[in-house]
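One structure is given here, and the rest of the page talks about it.
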Amino acid sequence: MVNETGVSKWILVAAARPNFMKIAPLMRAIANHNEKGNGPVRPLLVHTGQHYDANMSDAFFRDLNLPEPDVHLGIGSGTHGEQTGRVIIEFEKILLRETPDLVIVVGDVNSTMACALAAVKLHIPVAHVEAGLRSFDRTMPEEINRIVTDAVSDYLFTPSPDGDEHLLREGIPREKIHLVGDIMVDSLLASLEIAKERPTLDRLGLKGRPYALVTLHRPANVDDKRSFTRILRGLTGVAEKIPVIFPVHPRTRKQVGAFGLESHFIFHKEERPLPRFPKSVLQAYQPFGYLDFLNLMAHAAVVLTDSGGIQEETTVLGVPCVTLRDTTERPITLTEGTNVLVHDDPDRIVAEVDRVLSGRRRKSRCPAIWDGHTAERIVGILTAATATA
Ligand code: UD1
């Protein structure tokens, strides 16, 4: 994996909001590797543009100190076929021009799968960070992306032992699988102190008061009117007790309009404290950047979400998490962490929050190798492979 110049060229792919906090620690670990005078690695950051709004992308580059992408493909939104197809076409052009020695993809978004496919067809080795996760629900687009990406990757970096088991069961050779821990935790631990210093709680009028933090964007929840309405019934029940802070994903905002559900929300145009939070309505904001959201998560009484990554982040923070899904590809957050699944059941949503507010919290701990050093381990393995390839 070293070209004739002695420099190893690695393309790192960033595409959508949940990718950026996985790419930042890898960029740092590569820089550290180079500073130590080890065989140089030249990272090339490619942003596919799957997410493009300032608060879904630029804010994260700023908060995570990510450099400007070397290449921006400007793909944007579309159907699964359109988006995946456009990424393959445009990314293949970059691969042919740059002839990298390795492509690193993270997570499970459409761009992850598309870039892995484009690379493997050109016989370029692919590393998948966050490999082996399975919800066993093939109606989730991410599940298809995970299965396909893992099947074509050469280096599979898993966050937890269940990932290794799934890959072995699917016939992936043991030597391709590396249990390295959760890369999101690298970003979380590196950013937590500065995140907590931000005036986010003051700006929202939340200092010293319990609140619930919500994220919701899965198609199964927000594109289906019945599910969306049931979840909103649960959340407004929670809002009778404590303020419910709800940064709204663009997909979700569209669906609120399409289903005429606006009456459940107060839409805050900017972040400024309210004298009081009216009961039984949800406090809707634009999506927050990485640091403000981390601050809000760290101080929340409870987090309600259908995100994958947030189930892990709350486990690390020790904050109770109520997951608005009936499956999870992160079962370790249930067995060791703070997570519980309630799907879209309004009564269970309220009951779980009541349990937390009455102090009956479940015992939890942070999984052992979620220690903030995952990126170092990955770069160590990849550079050692470089030496022998
Ligand atoms: C994508 C990922 C999902 C991830 C989520 C995190 C896939 C299949 N899904 O879902 O795994 O959890 O990102 O946010 O890859 N939009 C904007 N601005 C943006 C981006 C999107 O307005 O910057 C709107 C568009 O109307 C778009 C819709 O949101 O059609 C959905 O975006 P898309 O990237 O297709 O999927 P997400 O729901 O964001």
Side-chain angles (χ1 to χ4, degrees), residues 13-23 47-64 69 72-88 90-91 105-118 128-131 133-135 137-150 183-184 187 214-224 227-228 246-259 284-290 293 297 303 305-313 323-325 327-330:
V13 177
R17 185 170 63 175
N19 293 161
F20 306 132
M21 64 291 279
K22 297 167 192 166
I23 290 293
H47 191 330
T48 68
Q50 178 169 339
H51 282 175
Y52 43 86
D53 283 354
N55 55 21
M56 300 293 282
S57 178
D58 303 3
F60 284 76
F61 272 71
R62 213 172 32 245
D63 281 0
L64 292 158
H72 199 296
L73 299 180
I75 298 301
S77 303
T79 66
H80 287 282
E82 287 165 350
Q83 193 173 57
T84 308
R86 281 204 298 266
V87 175
I88 293 177
E90 296 306 319
F91 189 60
V105 295
V106 298
D108 55 15
V109 301
N110 283 345
S111 301
T112 308
M113 176 185 70
C115 292
L117 279 177
H128 183 206
V129 177
E130 205 181 82
L133 299 189
R134 297 290 180 269
S135 66
D137 175 0
R138 289 197 179 197
T139 65
M140 289 180 76
E142 295 81 5
E143 184 75 352
I144 307 300
N145 294 339
R146 292 180 201 118
I147 293 168
V148 174
T149 305
D150 286 342
I183 193 132
M184 290 187 80
S187 276
V214 172
T215 79
L216 190 73
H217 74 281
R218 296 260 158 238
N221 283 336
V222 303
D223 293 1
D224 179 294
S227 273
F228 199 176
F246 192 154
V248 185
H249 186 282
R251 172 190 288 278
T252 309
R253 181 66 191 89
K254 247 196 211 166
Q255 295 305 99
V256 168
F259 296 145
Y285 296 86
Q286 291 290 321
F288 295 106
Y290 182 72
F293 189 78
M297 203 163 35
V303 174
T305 188
D306 60 2
S307 149
I310 291 172
Q311 296 171 54
E312 297 174 337
E313 290 169 332
T323 293
L324 306 165
R325 292 173 44 189
T327 59
T328 179
E329 60 289 331
R330 280 129 165 129

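Indexing begins at 1, ligand by ligand and atom by atom, following the structure's order.
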_is_close_aromatic(H47, F61), centroid dist under 6.0 Å_ = yes
*May I ask you to check whether F288 and Y285 place their ring centers less than 6.0 Å from one another?*
yes
*Quick one: look up the protein heavy atom nearest atom 37 (P) of ligand 1 and list residue, atom name and how far away it is.*
H249 CE1, 3.8 Å
*Closest non-hydrogen protein atom to atom 9 (N) of ligand 1, residue and atom name please, with distance?*
E142 OE2, 3.6 Å
*Among protein heavy atoms, which sits nearest to atom 17 (C) of ligand 1, and what does the distance come to when rounded to 0.1 Å?*
Y52 OH, 3.3 Å
*Just checking, is any N or O donor in the side chain of T112 or T149 under 3.5 Å from an acceptor N or O on the other one?*
no
*Check whether any side-chain heavy atom of V129 sits under 4.5 Å from a side-chain heavy atom of K22, and report yes or no.*
no
_I'd like to know if E142 pairs up with R138 as an ion pair, taking the criterion as any Lys NZ or Arg NE/NH1/NH2 lying under 4.0 Å from an Asp or Glu carboxylate oxygen._
no
*Who's the nearest protein heavy-atom neighbour of atom 8 (C) of ligand 1, and how far?*
N110 OD1, 3.2 Å
*asked:* Between D150 (side chain only) and A131 (backbone N and O only), is there a donor and an acceptor less than 3.5 Å apart?
replied: no
*Write out the residue and atom name of the closest protein heavy atom to atom 38 (O) of ligand 1, then the distance separating them to 0.1 Å.*
R251 NE, 2.7 Å
*Atoms of ligand 1 less than 4.0 Å from V109 heavy atoms?*
2 (C), 11 (O), 15 (O)
*Starting from atom 18 (N) of ligand 1, which protein heavy atom do you reach first, and at what distance in Å?*
D53 OD2, 3.0 Å
*Do S187 and Y290 have a side chain donor and acceptor closer than 3.5 Å?*
no
*Counting distance only, does the side-chain N/O of D53 pair as donor-acceptor with the main-chain N or O of M56 below 3.5 Å?*
no
*Tell me which one of H51, K254, R218 gets a heavy atom nearest to atom 39 (O) of ligand 1.*
H51
*H80: numbered ligand 1 atoms lying under 4.0 Å from its heavy atoms*: 8 (C)
*From the options A15, P18, S77, select the one whose nearest heavy atom is closest to atom 30 (O) of ligand 1.*
S77
*Mind telling me whether H51 and H249 have parallel, tilted or perpendicular rings, with 30° and 60° as the class edges?*
perpendicular
*Which heavy atom of the protein is the closest neighbour of atom 22 (O) of ligand 1, given with residue, atom name and distance?*
P250 CB, 3.3 Å
*Does the N or O separation between N145 and ligand 1 drop below 3.5 Å for any pair?*
no
*In the protein, what heavy atom is nearest to atom 12 (O) of ligand 1, and what distance, to one decimal place, separates them?*
H217 NE2, 2.8 Å
